[in-house]
There are 2 protein chains.
Amino acid sequence: MNNAVPSSASRKVTLNDVARLAGVSVATASKALNGRKQVRAETRARVVEAAEQLSFSPNELARSLLADRTGTVGLLTNDLEGRFSIPILMGAEDAFGADSVAVFLCDARGDAIREKHHVQALLSRRVDGLIVVGSRTDPRSSLGRELPVPVVYAYAPSEDPDDLSIVVDNVGAGRSAVDHLVSTGRTRIAHITGDPTYGASQERAEGALAALAGHGLELVGEVRFGSWTESWGRAAASMLLGQHPELDAILCGSDQVARGVMDALREHGRAVPDDVAVMGFDNWEIFTSGARPALTSVDMNFERLGRVAAQRLFAAIDGEPRSGVEALDARVVIRGSTVPG
Amino acid sequence: MNNAVPSSASRKVTLNDVARLAGVSVATASKALNGRKQVRAETRARVVEAAEQLSFSPNELARSLLADRTGTVGLLTNDLEGRFSIPILMGAEDAFGADSVAVFLCDARGDAIREKHHVQALLSRRVDGLIVVGSRTDPRSSLGRELPVPVVYAYAPSEDPDDLSIVVDNVGAGRSAVDHLVSTGRTRIAHITGDPTYGASQERAEGALAALAGHGLELVGEVRFGSWTESWGRAAASMLLGQHPELDAILCGSDQVARGVMDALREHGRAVPDDVAVMGFDNWEIFTSGARPALTSVDMNFERLGRVAAQRLFAAIDGEPRSGVEALDARVVIRGSTVPG
DNA sequence: AAAGTAGCCGAAAAGGTTTTCTGCGACCGT
DNA sequence: ACGGTCGCAGAAAACCTTTTCGGCTACTTT
């Protein structure tokens with residue numbers, strides 16, 4: 001490979017040095033390196049040669065100061081360990097990286113004061129825009145309309161309808177899940193989900209109930225709210241099997257819950273998927289692939305959400321702002337827990 | 001780009017504006033706001049007042065350009081979805097954020113070319129330092145010695161001993177795990193681990209064997225290498241129980257493997273921990289807490305690793321570089337799978 | 001041959017801040 | 001009253017790059 005790295009990298013080399021070595025002015029050097037059409041080919045070659053020899057790399061700070069555009073954005077998250085933030089962040093980083101925009105990462109840990117502080121710090125570094133990633137689907141307070149740069153809210157929408165928010169369509173996801181179960185012939189479907197204070201659990205349940213109604217079916221029992229854990233899934237499934245032994249499918253509010261449900265089913269001697277179909281939400285690979293059989297799940301497509309947020313931010317920076325809430329659809333990933341392998 | 005209509009908050013306010021409003025020169029304004037002792041108290045108050053009134057926020061770009069220090073660092077990772085990168089990244093972000101250093105996040109996705117590109121971009125933005133986070137414990141190629149800023153390697157050490165690397169002590173972790181099992185009275189211990197091409201599996205096994213020898217014990221059977229999955233854990237445990245029914249503990253190379261092992265034990269009618277103790281590595285909460293009983297595991301303390309890496313980078317930036325490999329110890333987190341609840 | 005033109009290059013300003021250096025007035029000691 | 005010191009404020013340079021504008025040379029046109 002080309003690893004001819006001169007030791008000059010240790011000392012900072014400026015355009016001035018390049019110009020001097022090439023025997024031209026800084027102005028000409030700049031134009032030569034930036035492809036401006038006001039420099040003779042021979043001169044340009046000399047400058048490029050000099051720049052390479054010195055391994056010159058333009059100081060983006062000076063450039064940004066002048067251009068009033070830094071090519072940086074702030075990514076403001078509220079839980080870095082979160083299931084949801086990370087893939088969104090990946091998608092955004094991906095989209096930005098492809099356009100060689102650098103991403104400032106800040107974790108506010110759900111603290112409003114820390115968040116304000118970070119926003120201030122990012123603005124003083126003159127980011128071109130901000131993406132605010134929530135950790136729950138519930139609406140969050142707006143950063144305000146008076147910011148000097150565009151903002152896009154991802155996952156958790158802003159309370160202010162004049163902001164632009166990109167979210168996942170949890171209602172639609174619930175509908176798709178039921179549609180899938182029905183399409184495999186299930187008619188006695190129960191629903192065990194997680195923490196009722198989460199918008200996600202409510203919305204998914206809402207979508208599921210709507211889809212059932214659309215198929216002329218009713219949920220078996222009530223929606224079982226609890227927590228987003230395996231142990232809740234086990235406990236709820238055991239209760240449910242006692243009360244409604246006739247059920248032939250359990251839709252679970254998350255993959256973790258689904259894992260617990262599958263454990264309980266096995267202990268009760270119910271085969272999956274032959275006796276009972278099971279599916280979850282989130283399509284968290286470590287849970288879906290470890291299950292026996294592999295777990296059908298609804299993929300919320302977080303990476304795409306991050307990418308879309310990045311694209312919308314680009315558009316806003318380029319002067320094409322939008323507002324409102326944009327919901328992205330989820331997709332069912334079918335595995336052995338709903339259709340026999 | 002023409003945003004004439006909305007608020008005037010988009011209008012950028014500079015030190016010049018503050019100075020004019022306060023009736024002083026920019027030089028005095030700067031000194032007043034930065035606490036320089038060459039300003040009369042009354043004058044300083046006037047300037048501060050003016051700055052507040054205009055909600056002035058100094059342009060960090062201009063400041064950095066002059067100070068030759070940006071207060072930014074680059075965090076270079078290779079897998080954002082990774083189990084290991086994220087907590088490390090959290091720890092580093094935490095440490096930096098506390099000192100109001102901004103973090104540029106870049107994901108090279110394991111691609112050397114992309115990595116070079118990102119390093120170049122970060123340097124052109126004049127970061128003060130770099131942290132390179134690996135996704136495996138195996139050594140990686142150095143970024144080179146000719147970089148103009150200090151670099152700290154985290155998790156995956158650099159091949160160059162003159163670089164500074166912060167890693168976890170997997171050998172010690174293996175030792176600690178066995179020590180714990182022995183301390184609970186186990187003497188017939190087996191070891192099921194993951195992918196043999198990972199340094200982590202080899203080192204943990206090495207530490208475990210050393211500790212066994214130290215206790216005058218021998219491993220039951222051979223070290224079982226496979227993959228980092230639940231299904232491998234299930235399969236390996238079934239085989240193992242057939243060949244060595246006398247075993248009273250299984251040390252697993254990861255929590256995922258341990259989950260599979262526990263499933264198999266249950267199906268073979270072996271009680272955990274009364275008949276067989278089980279423990280894992282990584283202390284991945286979603287796996288340890290979902291297990292029945294909760295899984296004892298070795299916590300690698302990734303967040304601390306990230307924080308230490310950040311601190312070392314600070315020190316290096318401040319002119320106190322180190323080199324070599326610094327290994328941080330792990331700690332056993334005891335739960336119900338090794339000691340009766 | 002004079003005038004115009006095209007091509008190429010350099011000087012200088014701009015961007016916002018910090019710092020050094022100079023200057024100016026007031027106060028002190030004798 | 002005078003030289004000296006001290007405290008405070010402003011002018012200007014510096015950081016590095018881009019861009020505008022003016023000027024020079026050489027060439028084309030009439």
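Order of the sequence lines fixes the chain letters, A, B, ..., with proteins taken first and strands second; residue numbering starts at 1 for each chain. Computed from a prediction, not measured in an experiment: that's the story for all the values here. The figures here come from the full heavy-atom set of this structure, side chains too, leaving out hydrogens, waters and symmetry mates.
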Intermediate values then yes/no, side chain to side chain contact (heavy atoms under 4.5 Å, CB included), A/F302 and A/V168: CA-CA 8 Å; A/F302 291 124; A/V168 293; 4.2 Å; yes
Does A/D160 come within less than 4.0 Å of A/R145, counting only side-chain N to carboxylate O? yes
Atom CD1 in A/I88, atom CD in A/E93: separation rounded to 0.5 Å? 14.5 Å
Let's see if you get this right: which residues in residues 58-66 of chain A place a heavy atom under 4.0 Å from DNA chain C? A/A62, A/L65, A/L66
Determine whether a donor-acceptor pair (N or O, by modelled atom type, separation under 3.5 Å) exists between the side chain of B/D94 and the backbone of B/M90. no
I'd like to know if A/R69 pairs up with A/D318 as an ion pair, taking the criterion as any Lys NZ or Arg NE/NH1/NH2 lying under 4.0 Å from an Asp or Glu carboxylate oxygen. yes
Mind checking A/D68 for me? I need base, sugar-phosphate or nothing, with any heavy atom below 4.0 Å counting as a touch. nothing
Hey, is A/R63 close enough to A/E60 for a salt bridge, meaning N to O under 4.0 Å? yes
Find out whether B/V167 and B/L328 are in side-chain contact, i.e. whether some heavy atom of one side chain is under 4.5 Å from a heavy atom of the other. no
For A/T14, report the nucleic acid contact type (base, sugar-phosphate, nothing); a contact means any heavy atom under 4.0 Å. sugar-phosphate
Using a 4.0 Å cut-off to any heavy atom of chain A, which nucleotides of DNA chain D are the first and last in contact, reading 5' to 3'? D/dC16 to D/dT20
A/E115/A/R140 salt bridge by N-O under 4.0 Å criterion: yes
Roughly how far apart are B/E159 CD and B/D138 CG, rounded to 0.5 Å? 10.0 Å
Below 4.0 Å from chain A heavy atoms, what is the first contacting nucleotide of DNA chain C and what is the last? C/dC8 to C/dG16
Take B/D329 and B/R304, measure what salt bridge (Lys or Arg N to Asp or Glu O under 4.0 Å) needs, and give me the verdict at the end. CA-CA 10 Å; B/D329 59 346; B/R304 182 173 55 131; 2.8 Å; yes
Looking at DNA chain D, which of residues 37-47 of chain B put a heavy atom within less than 4.0 Å of it? B/Q38, B/V39, B/R40, B/T43
Distance col, row B/L61:CG vs A/S64:OG, nearest 0.5 angstrom, shows 5.5 Å
Quick one: do B/T72 and B/V103 satisfy side chain to side chain contact (heavy atoms under 4.5 Å, CB included)? Show the steps, please. CA-CA 6 Å; B/T72 62; B/V103 173; over 6 Å; no
Less than 3.5 Å apart, any donor N or O on the side chain of B/D162 or B/S323 sitting next to an acceptor on the other? no
Do A/D68 and B/K12 sit within salt-bridge range, that is, some charged N less than 4.0 Å from a carboxylate O? yes
Between A/L143 and A/V132, is any pair of side-chain heavy atoms under 4.5 Å apart? yes
Could you check whether the rings of B/F314 and B/F96 sit parallel, tilted or perpendicular, using 30° and 60° as the cut-offs? perpendicular
If we fit an axis to the first five pairs and another to the last five of the helix from C/dA1-D/dT30 to C/dT30-D/dA1, what angle do they make, to the nearest 10°? 50°
With the side chain counted from C-beta on, respond yes when A/R312 and A/E326 share a heavy-atom pair under 4.5 Å apart, and no when they do not. yes
Enumerate the residues from residues 22-29 of chain B whose closest heavy atom to DNA chain C is under 4.0 Å, giving them by residue number; use none for an empty result. B/A27
